[in-house]
Undergrad: 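Take a look at the following structure, please.
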Amino acid sequence: MEIASKYDPRAVEEKWYQFWIDKKLFHSEPDHRVPYTVVIPPPNVTGVLHMGHMLNNTIQDVLVRRARMQGKNACWVPGTDHASIATEAKVVKMLAERGIDKRSLSREDFLKYAWEWKEEYGGIILKQLRRLGASCDWDRTAFTMDEVRYESVIRVFVDLYNKGLIYRGVRMVNWDPQALTAVSDEEVIYKESRSKLFYLRYYVEGEDRYIVVATTRPETILGDTAVCVHPEDERYQWLKGKRVIVPGVGRAVPVIMDEYVDREFGTGALKITPAHDINDYNLGMKYGLESIDIFNDNGTLNEHGGKYAGMDRFACRKQIVKDLEEAGLIEKIEDYTNKVGHSERTDAVIEPKLSAQWFFHPAKFKNTYRHWLENIKDWCISRQLWWGQRIPAWYLDLDGRVETIVALNEEEALKIAKEKYNHTGTLRQDEDVLDTWFSSWLWPISLFDGIRNPGNPEISYYYPTADLITAPDIIFFWVARMIMAGEEYMHNVPFRNVYFTGIVRDKLGRKMSKQLGNSPDPIELIEKYGADGVRMGMLLTAPAGNDLPFDEAICEQGRNFSNKLWNALRLVSGWQVTSETSTTSSTSATGTDTNSVAVQWMEQRMAQVLEEIEKDFDQYRLSEALMASYKLAWDDFCSWYLEMVKPAHGTPIDRETYDATLSIFSRLMLMLHPFMPFVTEEIWHQLETKKLELRTKNEDSDEHLSSQLLALTSNFSIMNQHMLTSVYYDQRLLDEFDTAREVIAGVRNIRNTRGLSPKETLSVSYIAKDDRFQVSRFEGVIRKLGNVSDITAITEQPAGALQFMVGTAECYVPMSQNVNKEEELKKLQEDLKYYEGFLRSVMAKLSNEKFVGGAPAPVIEKERNKQRDAESKIAALKAQIEALG
RNA sequence: GGGAGUAUAGCUCAGCUGGUUCAGAGCGCCUGCCUUACAAGCAGGAGGUCACUGGUUCGAUCCCUGUUACUCCCACCA
């Protein structure tokens, strides 16, 4: 048996992933089984794998693999998102690097470049997922802009338009001056920032008096069309009906009065710039104010900026402040902290801007999502980009007015134009594309072609999906909208459960991000610790819903665990098996009795843990389930079971125990497989091969048959074996083992503290106070693992022995040499003190009449038991102290 | 400004309907070991006023009041 002592994940992982792919084990087709569907939250097509994806996809894979092993028809559909803003930005950048200006290209040429880019870099993230072991059905890989998804989006747009849920209108939108597009409210992130509050003087027209107005954005005075005060504000009553001069601009604007103004803030006077602030816009509408847009799309000042035209908005702010100061129009400047909206995608400061956009009106879903969407607002779904689904709206200029035609394609649009307006010329299609979320909200439906082809066998079978695993920060972007689409088009929500993962943070609690550079490269981690190790690291730090402070050390723990399993395989593989059957074997005193009780115990223990794990999975407590499996494998199986049945050096193991061991080991691999797919597949195969070799060898079957069987085994995979289910287990046997374990630990502790060699055989005697102390079944185990020659029940405590307690039983280890009286006494005294204190607290309860009167009988009985146990321990300790002293 | 959550060992977290799974786990730490599967290992061990305060109760980590600290979501007052 030449097996390396260090497990090498690399070759194993490559081999088995290819095997799974070759055998098409991830592929799913509708059949008679119960479906278990998961759709991947599609990552950006341009993205690379980061730790958030690792977590998210590991969880999905665990659930999918487990469901598959439970006999469900598991279907995990992968795909990517076209991410219009992010991708278009990257393509623009790439073109710029090649010296090409986007504006010099036609839409078609630009899209050609974009597709090229997508083909080249688009697959990366999905390839990386393979390294993680993700068992996605790659044959179903989708893209939000592929034919099915593109058409689905267009159909939905047309349909919603016809239902009156989509409209085009001029509204104040969040403008991203870097990406040059509108973004939705959800895509604006407000960040606290230190800024200044400028107090500006607005002189009253034709008078020397002035009013002071506070603003954080002095450059917007160029677009001022009014000043507003509270109608009941005593300070400003004299301004009623007057006009004031916008400082530095010279324009006279009216003073209006509205309750909107907060009298406490600033000076209680507010300047109104309807084109550049949503609240000002509303006031402008109310009072019929003029709206002066002073910005170009890229955030520079336009012709309304006068001498500032062409300047960037922030440069302009500086300059205008300087100019106003020189003109004596600034009263004062204060430091001020406020929140400034930034674009989620580009981080540019958002500029409120008036423009014509398309909106989706979700009011009809208000009741359904009251708890999520208290203040539901219309969703701006158009984006001023080329990369994405182009809005299927065509415009027709008819004698000065514009008619809008929404249709599936140009041909349809032309037909409508002809029928409705008797127009036969060309039409102008809307230049904008749809928000990416407008395609992702259809994902669970469009993946199965349920939009274009309602009621098809796939959508009927796979929808609704089982679990959606996603991050909580896209509840509004994505989850809520998917539910809306599901109800609108499938009359059913798209998933049964939503599992919200935590946010991956670094050790300092900071969110992992590219800018901070605090995110490890997942692929490097996999190279270092193996995919199984990294998966385990992710899962152990991620109790459901919590943020996970990621620490590489836990991947190391995962790697070590793989190695531990690997070495257990090495051990078991090396054992020689007796040719005779176990019943006639009489190899040693600690032989088959010990082994058979060991097997019994391990079986019970597995059943017990299996029950735990099932409960954990029911509650999606994956890290608990993994931890329970980890302890079962490491502590119970390796540290206890294997040590119990391990044959003495150079001696063989009996056949029955060996078979049982292989079987237990193999089943352990099944339990662990969803968490650690690679190492378990490898070990499982080796174990199955071993089993088969053994069987065919022993039964004298012909070699041809056995090689055929072997070939067959090599075609099997652990991943579609049947997952174990919990069965009845014998709690009493488990309890007895725990007693034996404590005896062994007691003996080992004595060795450790007294510096005795593990090779020196000791003997143990005990005084049991009641039948809770049962060691007969596990005597052989105690002998073997404690290196104890004999275990004797006695009634009198022996002289010159060291002592420890297991429950209420006193255990003694007679010493040949003299024991250190001082030290032993000290130990005993400490114990005595503890139990006396314990007894006091118990007695305090029992002598409290209110307790005895008020507590239920079982509780009182428990207290009485505590009292009895404590008293007997105290008596025993006193006797020992007496004997020593 | 509105709402929600969290606070338990050095770290990350379990702890179901108040009382023996009530003070736990993993990692880390300490001590001793290369015991022929594994030093990526083996054996043993130490660590906590369950944030602070008051209350309910025979009894509180658990229920209630308040305080403090942190986190998240929503709104966005110039």
Side-chain angles (χ1 to χ4, degrees), chain A residues 1 3 5-7 185 188 190 197-198 213-217 220 228 260-262 264-273 277-280 336 338-341 372-375 472-473 475-476 503 507 509 529 533 540-543 545-551 553-554 556-575 615 619 621 623-624 626-628 630-631 634 638-639 642-643 646 648-650 744-753 755 757-759 785 787 844-846 848-856 858-860 862-863 865-866 869:
Chain A
M1 275 303 132
I3 311 180
S5 73
K6 292 271 186 289
Y7 171 64
D185 291 344
V188 178
Y190 288 89
L197 196 55
F198 303 90
V213 175
T215 179
T216 52
R217 301 199 55 195
T220 60
C228 186
Y260 168 75
V261 178
D262 178 357
E264 306 300 316
F265 190 89
T267 60
L270 174 65
K271 67 186 213 54
I272 307 294
T273 321
D277 182 281
I278 181 65
N279 299 304
D280 293 9
Y336 184 64
N338 65 345
K339 297 196 173 167
V340 177
W372 274 354
L373 308 162
E374 271 304 328
N375 248 326
D473 49 348
I475 289 181
F476 299 97
I503 292 166
K507 270 195 269 188
Y529 302 107
L540 283 186
T541 34
N546 283 18
D547 279 7
L548 57 160
F550 184 77
D551 186 348
I554 307 176
E556 196 177 327
Q557 191 184 350
R559 176 200 63 176
N560 294 354
F561 185 43
S562 303
N563 194 51
K564 183 73 185 177
L565 297 173
W566 179 251
N567 275 290
L569 174 71
R570 286 179 67 215
L571 174 67
V572 171
S573 304
W575 287 344
K615 276 189 199 146
Q619 300 168 68
R621 294 157 62 127
S623 62
E624 271 88 353
L626 173 55
M627 183 48 72
Y630 169 80
K631 287 194 275 189
W634 197 308
C638 292
S639 299
L642 288 180
E643 292 299 330
K646 190 182 191 172
H649 189 233
I744 293 165
V747 174
R748 283 171 175 172
N749 186 13
I750 281 178
R751 284 185 203 281
N752 241 315
T753 50
S757 160
K759 285 175 184 149
L785 300 194
N787 190 15
K845 268 191 201 174
L846 283 171
N848 182 338
E849 277 169 33
K850 283 182 183 167
F851 171 73
V852 182
V859 173
I860 295 172
K862 272 173 192 164
E863 291 301 315
N865 283 337
K866 279 195 212 169
D869 286 355

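The structure presented is a predicted model; accordingly, all values stated were derived computationally and were not measured. Residue numbering restarts at 1 for every chain, and letters A, B, ... go by the order of the sequence lines.
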Undergrad: State the syn/anti category of B:U21 according to its glycosidic angle, syn meaning within 90° of 0.
TA: syn
Undergrad: Which nucleotide in the set B:A37, B:C76, B:U20 lies at the smallest distance from any side-chain heavy atom of A:Leu571?
TA: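 Per side-chain heavy atoms of A:Leu571, the pick is B:A37.
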Undergrad: Go through the structure and list residues passing side chain to side chain contact (heavy atoms under 4.5 Å, CB included) with A:Ser5, not counting sequence neighbours.
TA: A:Asn567, A:Arg570
Undergrad: CG of A:Asn787 to NZ of A:Lys759: how many Å apart, nearest 0.5 Å?
TA: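 Between A:Asn787 CG and A:Lys759 NZ, I get 10.5 Å after rounding to 0.5 Å.
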Undergrad: For nucleotides 54-59 of chain B, tabulate all protein N/O to nucleotide N/O atom pairs closer than 3.5 Å, reporting atom names and distance.
TA:
from	atom 1	to	atom 2	distance (Å)
B:C58	O2'	A:Asn848	ND2	3.1

Undergrad: Check the chi torsion on B:G59 and let me know: syn if it falls within 90° of 0, anti if not.
TA: anti
Undergrad: How would you list, by chain and number, every residue that makes a side chain to side chain contact (heavy atoms under 4.5 Å, CB included) with A:Asn865, sequence neighbours excluded?
TA: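 A:Asn865: side chain to side chain contact (heavy atoms under 4.5 Å, CB included) contacts with A:Glu861, A:Arg868.
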Undergrad: How far does the C1' atom of B:U36 sit from the matching atom of B:G47, given to the nearest Å?
TA: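 Rounded to whole Å, the distance is 36 Å.
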Undergrad: If you measure from SG on A:Cys638 to CZ on A:Phe561, what distance do you get to the nearest 0.5 Å?
TA: 7.5 Å
Undergrad: Applying side chain to side chain donor-acceptor pair (under 3.5 Å), name anything that partners A:Thr220, two or more places apart in sequence or on another chain.
TA: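 Applying side chain to side chain donor-acceptor pair (under 3.5 Å) to A:Thr220 gives A:Lys271.
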Undergrad: For nucleotides 27-29 of chain B, print each protein N/O atom paired with a nucleotide N/O atom at under 3.5 Å, atom names and distance only.
TA:
from	atom 1	to	atom 2	distance (Å)
B:C27	OP1	A:Tyr630	OH	3.4

Undergrad: Contact class for A:Lys759 (heavy atom, under 4.0 Å): base, sugar-phosphate, or nothing?
TA: nothing
Undergrad: Rounding to the closest angstrom, what is the interatomic distance between B:G41 and B:A37 at atom P?
TA: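 One P to the other, the span is 16 Å.
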Undergrad: Please enumerate all protein N or O atoms sitting under 3.5 Å from an N or O of nucleotides 22-25 of chain B, with distances to 0.1 Å.
TA:
from	atom 1	to	atom 2	distance (Å)
B:A25	O2'	A:Lys631	NZ	3.1

Undergrad: Excluding sequence neighbours, so at least two apart, what forms salt bridge (charged side-chain N to carboxylate O under 4.0 Å, His left out) with A:Arg559?
TA: A:Glu556
Undergrad: From the set B:A78, B:A40, B:U36, return the single nucleotide nearest to any side-chain atom of A:Phe265.
TA: B:A78
Undergrad: With A:Lys866, which residues qualify under side chain to side chain donor-acceptor pair (under 3.5 Å), at least two apart?
TA: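 Once residues adjacent in sequence are excluded, the partners of A:Lys866 under the side chain to side chain donor-acceptor pair (under 3.5 Å) criterion are A:Glu863.
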Undergrad: Measure the distance from OH on A:Tyr7 to C1' on B:G41 and round it to the nearest whole Å.
TA: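 For the pair A:Tyr7 OH and B:G41 C1', the rounded distance is 18 Å.
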Undergrad: Between atom CG of A:Asp280 and atom CD1 of A:Ile272, what is the distance when rounded to the nearest 0.5 Å?
TA: 4.5 Å
Undergrad: Measuring only the C1' atom in each nucleotide, how far is B:C34 from B:G26? A whole number of Å is fine.
TA: 26 Å
Undergrad: What is the distance from CG of A:Asn560 to P of B:G41, rounded to the nearest Å?
TA: 4 Å
Undergrad: Check every atom of B:A40, B:A37, B:C74 against the side chain of A:Arg570 and return the nucleotide holding the closest atom.
TA: B:A37
Undergrad: Can you measure from CH2 (A:Trp634) to CG (A:Leu565) and round to the nearest 0.5 angstrom?
TA: 8.5 Å
Undergrad: Output the rounded distance in Å from CZ (A:Arg751) to P (B:C33).
TA: 15 Å
Undergrad: Could you point out which residue of A:Asn749, A:Val747, A:Thr753 forms a side chain to side chain contact (heavy atoms under 4.5 Å, CB included) with A:Arg751?
TA: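 Answer after filtering A:Asn749, A:Val747, A:Thr753: A:Val747.
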Undergrad: Would you mind reading off the distance between A:Trp575 atom CH2 and B:U36 atom C1', rounded to a whole angstrom?
TA: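 Going from A:Trp575 (CH2) to B:U36 (C1'), I get 14 Å.
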Undergrad: Expressed in whole Å, how much space separates the P atoms belonging to B:A14 and B:A7?
TA: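 Here B:A14 and B:A7 have their P atoms 8 Å from each other.
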Undergrad: Stepwise, does the side-chain contact (heavy atoms from CB on, under 4.5 Å) test hold for A:Asn338 with A:Thr216?
TA: CA-CA 9 Å; A:Asn338 65 345; A:Thr216 52; 3.9 Å; yes
Undergrad: Taking all non-hydrogen atoms of both residues, which atom of A:Ala214 and which atom of A:Thr267 are closest, and how far apart?
TA: N-OG1, 4.1 Å
Undergrad: Using the criterion of both pairing distances under 3.5 Å for Watson-Crick and G-U wobble pairs, give all stems of 3 or more consecutive pairs involving RNA chain B.
TA: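 RNA chain B forms these stems: B:1-7 with B:68-74, B:10-13 with B:24-27, B:29-33 with B:41-45.
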Undergrad: By side chain to side chain donor-acceptor pair (under 3.5 Å), which residues pair with A:Asn560, not counting sequence neighbours?
TA: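 Residues passing side chain to side chain donor-acceptor pair (under 3.5 Å) with A:Asn560: none at all.
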Undergrad: Sticking with atom C1', work out how far B:G66 lies from B:C58, rounded to a whole angstrom.
TA: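 Going atom to atom, C1' in each nucleotide, I get 26 Å.
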Undergrad: Measure the distance from CG on A:Leu540 to P on B:C13 and round it to the nearest whole Å.
TA: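 The answer, rounded to whole Å, is 13 Å.
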Undergrad: Would you mind reading off the distance between A:Asn567 atom CG and B:A40 atom C1', rounded to a whole angstrom?
TA: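 It works out to 9 Å between those atoms.
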Undergrad: Which distance, rounded to the nearest 0.5 Å, do you find between the CG of A:Leu785 and the NZ of A:Lys646?
TA: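 Going from the CG atom of A:Leu785 to the NZ atom of A:Lys646 covers 10.0 Å.
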Undergrad: Side-chain contact, heavy-atom cut-off 4.5 Å: A:Leu642 with A:Val572?
TA: yes
Undergrad: Roughly how many Å is it from CG in A:Asn563 to P in B:G41, rounded to a whole number?
TA: 7 Å
Undergrad: Within the distance-only criterion (no hydrogens, no angle test), does the side chain of A:Thr541 pair as donor or acceptor with the backbone N or O of A:Ile554 below 3.5 angstrom?
TA: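 Checking the backbone N and O of A:Ile554 against the side chain of A:Thr541, no donor-acceptor pair under 3.5 Å is found.
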Undergrad: Could you tell me which residues satisfy side chain to side chain contact (heavy atoms under 4.5 Å, CB included) with A:Phe265, sequence neighbours excluded, listed by chain and number?
TA: A:Leu197, A:Asp262, A:Tyr336
Undergrad: Once you round it to whole Å, what is the distance between P of B:A14 and CZ of A:Arg621?
TA: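 The answer, rounded to whole Å, is 8 Å.
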Undergrad: Closest-nucleotide mapping onto RNA chain B: is A:Asn865 or A:Pro758 further toward the 5' terminus? I mean the 5' end.
TA: A:Asn865
Undergrad: Strictly under 3.5 Å: I want the nitrogen or oxygen pairs between protein and nucleotides 42-45 of chain B, one per line.
TA:
from	atom 1	to	atom 2	distance (Å)
B:C42	OP1	A:Lys564	NZ	2.6
B:C42	OP1	A:Trp634	NE1	2.8
B:A43	O3'	A:Arg748	NH1	3.4
B:G44	O4'	A:Asn752	ND2	3.0
B:G44	O2'	A:Asn749	OD1	3.2

Undergrad: When you compare B:G18 with B:A4, how far apart are their C1' atoms, in angstrom units rounded to a whole number?
TA: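 B:G18 and B:A4 have their C1' atoms separated by 25 Å.
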Undergrad: Looking only at atom P, what distance separates B:G10 and B:C30, rounded to whole Å?
TA: 15 Å
Undergrad: Can you measure from CE (A:Met627) to CG (A:Leu540) and round to the nearest 0.5 angstrom?
TA: 4.5 Å
Undergrad: Under 4.0 Å, counting only non-hydrogen atoms across every strand here, what does A:Tyr336 touch: a base, just sugar-phosphate, or nothing?
TA: sugar-phosphate
Undergrad: If only side-chain N and O atoms of A:Lys6 are considered, is one of them under 4.0 Å from the OP1 or OP2 phosphate oxygen of B:A39?
TA: yes
Undergrad: A:Glu624 side chain: which of B:A14, B:C38, B:A78 is closest?
TA: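 Nearest to the side-chain atoms of A:Glu624, counting from C-beta on, is B:A14.
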Undergrad: For B:A69 and B:C27, measure between their P atoms and round to the nearest Å.
TA: 36 Å
